[in-house]
2 protein chains.
Amino acid sequence: MEKKNIRIKDIAQLAGVSIGTVDRVLHNRGKVSEEALQKVLSTLREIDYKPNLIARTLGTKKVFRIAVIIPDPAQDEYWAQAHLGIQHAAVEWNQYDVKVETYFFDLYHHESFLQLTQAAHVNKPDGIVLAPIFYHEALHFLHQCQASKIPFVIFNTNLPEIHPLSFIGQNLFDSGRVAAELMSLGQTAPGAFTVLHVNEASENSIHLLDKQKGFEHFFKVKNQPDFKISALDINETEENQLQEHLQILLSDAEIKGLFVTTSKGTAAIAAILKKLNRTDIRLIGYDLLPENIQHLQAGTIDFLINQNSRHQTFLGIQHLANYLFLKKEPPATNLLPLEIISRENLNSYLGSALPQF
Amino acid sequence: MEKKNIRIKDIAQLAGVSIGTVDRVLHNRGKVSEEALQKVLSTLREIDYKPNLIARTLGTKKVFRIAVIIPDPAQDEYWAQAHLGIQHAAVEWNQYDVKVETYFFDLYHHESFLQLTQAAHVNKPDGIVLAPIFYHEALHFLHQCQASKIPFVIFNTNLPEIHPLSFIGQNLFDSGRVAAELMSLGQTAPGAFTVLHVNEASENSIHLLDKQKGFEHFFKVKNQPDFKISALDINETEENQLQEHLQILLSDAEIKGLFVTTSKGTAAIAAILKKLNRTDIRLIGYDLLPENIQHLQAGTIDFLINQNSRHQTFLGIQHLANYLFLKKEPPATNLLPLEIISRENLNSYLGSALPQF
DNA sequence: GTGAAAGCGCTAACAT
DNA sequence: ATGTTAGCGCTTTCAC
């Protein structure tokens, strides 16, 4: 069964037109008569034409430019990992004439975000990958992009009201349920669990609330009245202050476990729990930050849910590049698995941070 | 910084020879005078030539044939999923002149394996992806391949003494430790856990023993003498017989949990536990087979460790094709993460069975 | 031994 | 609007 692949030349022959015409309809560049158009379209419908990517990239001289806009990797390890995913994707596509330009904004200043997005916009990239940290500014920017017909992919947090080419992230409600499940496992005696939001500006905390709701929902459905669920916002960048808050919370003898909704918060809480030597507290948090990895190995953290920012950005560029290059529509929403990381499977994840393909 | 890439043509010009000559030295096909050789080599040393792989694949007309040898997908859902990974990879590479030929052997008859491998061998494929189920036969076959200089990738179970181009699978010892960790979590009262090997021929059970050892090792290190660990082989294809065996085991009031080392075994044990209504037993097993998924959702199974046979085969072909096509060396051993699947994160895995890229 | 030249499938500029 | 043609960088064949 050596079925030769169909080439543009074949389509042209079948449709009785020239390859130039076929190329024009394939890329709808116009300048094609209604008659020729129909002939080509009908033969296209009959056969399964799959363009030869290799040949396309060789033949074309167009260079696609993708602008990636994320928080400064230096400010936060989570975003440093996101940056790694970008770099990985960038080298992968480099030989295919897709260039990635990165813009780093200040995680704590929306003016910086505003400024960067505008800078990116004037450069007129062919596509944009964005971490929409600042809700209003992001919305404004993305409307601009829609007006300029620049396709965009968003990741990390969803903006369902805008319709991106693709959203990449996790189901945060389910994420909270996973945390709850791990928290409740094998807990027999009555007790209390607290959801901790540590040092999060209100913008982002809308999303963190989803995790909390999922967490609470799990226990509601399970109907286990033996467990008291509470939630607490702590805004203290000073470790000592943070510790004081925590100690008040932990003075309640019923507290059996803590669920921290951010990666950085997880590291902060773990450090304090370790200092206080409270190994009895079950701690569940987010992401494979170096500190979190250590605390997981040491047993201070019991489980991490991996949000895999690295993979998120990687996929973001992947989807966008495939769209620009191959006109392949990505999934409107691409939800990543809620990876449960424990002490024993940690190493197996560290070895293969990125999906080899 | 639009630095043009160096082309063969450039080298030819610099060395004062023709592109044909440059090509000959690049691939050391001989037929080059000592003088020309030196001229080319010296200019090659001066500049950093990176061949354009895109152009290479377009220019070449060689069709690579990859032989994939796995158990009959009809015999076992686990292998059916492996087959899906193959099909996925096959369509991906189809247009790039990499053809995949599959050979299905009988999972229960090594003669069939022997026969199939020989059939594959006489067809002289350019590369082989193999599930080395039958140890001795596999070893013999792979030695043949080495003699014939056919590169091969193995997956699922490792044969460390032979040196494959790449091995794709999981660390089975660690896999057992993960199971143990999940088993012990929150278990306060003393109790007993049993490792179950269900209906496995001795060949394969060598590898299953690794899982058992990892499981035992976890408790040894943890130094929790409160837990009694045992292991049991059950060879009964009849459900009733299997149930009898299990009931004897479960009549021991101390039994708190079971760890089943195979995917099929997991499904079988789960079915019986459900029938016996033993929801008190913590059950940990392998893989997202349809039955296992149901039992996980119903709560009969507490955790599954995903071996992702689909991804394994996909990667196998991926690595081999990249090697043949682009001369890209794959990792000698590619260990997949030990994915922990619970009721709450199950859906997030079902949505994305394969890594999108 | 060596160079010239014809592709590979596609794009894009150029005639018509 | 349509067909022809010259590349893209490399492989491979074929004269010399």
Side-chain angles (χ1 to χ4, degrees), chain A residues 2-41 43-44 47-64 94-98 126 324-328, chain B residues 2-41 44 47-64 93-98 324-327:
Chain A
E2 281 298 321
K3 209 169 63 184
K4 266 263 166 239
N5 245 333
I6 292 153
R7 290 128 53 244
I8 282 189
K9 196 200 244 182
D10 300 320
I11 300 171
Q13 219 156 23
L14 290 173
V17 295
S18 76
I19 64 169
T21 303
V22 175
D23 185 75
R24 274 179 284 257
V25 334
L26 282 176
H27 299 86
N28 25 252
R29 312 192 209 276
K31 317 250 175 204
V32 174
S33 68
E34 188 57 31
E35 190 194 339
L37 182 80
Q38 289 312 325
K39 281 196 290 186
V40 173
L41 285 181
T43 68
L44 274 178
I47 61 170
D48 180 37
Y49 171 66
K50 299 168 91 178
N52 184 328
L53 201 214
I54 304 287
R56 158 124 86 217
T57 69
L58 232 206
T60 194
K61 39 210 56 183
K62 169 134 186 75
V63 175
F64 288 104
N94 188 47
Q95 59 176 324
Y96 296 92
D97 283 336
V98 175
D126 300 288
L324 293 171
F325 221 72
L326 310 176
K327 311 223 172 297
K328 203 183 275 179
Chain B
E2 283 297 321
K3 208 170 62 184
K4 267 265 167 242
N5 248 333
I6 292 153
R7 291 125 55 243
I8 283 189
K9 196 199 243 183
D10 300 320
I11 300 171
Q13 220 156 23
L14 289 173
V17 295
S18 75
I19 64 170
T21 304
V22 175
D23 185 75
R24 274 178 281 253
V25 334
L26 281 176
H27 299 87
N28 26 250
R29 312 193 211 275
K31 317 249 172 204
V32 174
S33 69
E34 188 56 30
E35 189 194 340
L37 182 79
Q38 290 311 325
K39 281 195 291 188
V40 173
L41 284 181
L44 273 178
I47 61 169
D48 179 37
Y49 171 66
K50 298 168 86 178
N52 184 328
L53 300 179
I54 303 290
R56 156 129 79 218
T57 67
L58 230 208
T60 194
K61 44 207 52 189
K62 171 139 186 72
V63 174
F64 289 103
W93 284 96
N94 186 49
Q95 58 174 322
Y96 302 112
D97 285 336
V98 175
L324 294 171
F325 218 70
L326 310 176
K327 309 216 174 304

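Side chains included, hydrogens not; waters and symmetry mates left out as well; all remaining heavy atoms used. Each chain gets a letter, A, B and so on, in the order the sequences are listed, and its residues count up from 1.
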Any donor and acceptor pair, going by atom type alone, linking the side chain of B:Thr57 with main-chain N or O of B:Ile54 inside 3.5 Å?
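Yes.
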Measure [atom1]/[X] against [atom2]/[N] and give the value in whole Å, please.
X	N	atom1	atom2	result
B:Gln13	D:dC10	CD	P	13 Å
B:Lys31	D:dA15	NZ	C1'	15 Å
A:Arg24	D:dT5	CZ	C1'	13 Å
A:Arg29	D:dT2	CZ	C1'	15 Å
A:Lys39	D:dT2	NZ	C1'	11 Å
A:Ile54	D:dC8	CD1	P	18 Å
B:Asp23	D:dG9	CG	C1'	11 Å
A:Lys9	D:dT4	NZ	C1'	13 Å

Let's go through A:Asp23 and A:Arg29 carefully: what are the C-alpha distance in whole Å and the side-chain angles of both, what is the deciding distance for salt bridge (Lys or Arg N to Asp or Glu O under 4.0 Å) to 0.1 Å, and is it a yes or a no? CA-CA 8 Å; A:Asp23 185 75; A:Arg29 312 192 209 276; 3.1 Å; yes
Can you see if the side chain of [X] gets near the phosphate of [N] - specifically, an N or O under 4.0 Å from OP1 or OP2?
X	N	result
B:Tyr49	D:dC10	yes
B:Thr60	D:dT12	yes
A:Ser33	D:dT2	yes

Regarding the side chain of B:Ala55, the nearest nucleotide among D:dT2, D:dT11, D:dG9 is D:dG9
Next on the checklist: Under 4.0 Å, heavy atoms only, any strand: does A:Ile19 hit a base, just the sugar-phosphate, or nothing?
Outcome noted: base
Exercise. Have a look at B:Asn52 and say if it touches a base, only the backbone sugar-phosphate, or nothing, with a 4.0 Å heavy-atom cut-off.
Key: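 Sugar-phosphate: the residue B:Asn52, judged by heavy atoms under 4.0 Å, touches backbone atoms but no base.
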Nearest-nucleotide check on DNA chain C, B:Lys61 vs B:Ala36; residue mapping nearer the 5' end is B:Ala36
Where chain B begins and ends its contact with DNA chain C, read 5' to 3' at 4.0 Å from heavy atoms
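The contacted stretch runs from C:dG1 to C:dG9.
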- Just wondering, are more than 12 heavy atoms of other shown residues or ligands nearer than 6.0 Å to NZ in A:Lys62? yes
Heavy-atom closest pair, residues A:Val22 and A:Ile11
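Nearest pair, atom of A:Val22 first, then A:Ile11: CG1-CG2, 3.9 Å.
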| field | Cationic tip of A:Lys328 above A:Phe325 ring, under 6.0 Å, 45° of axis | value | no
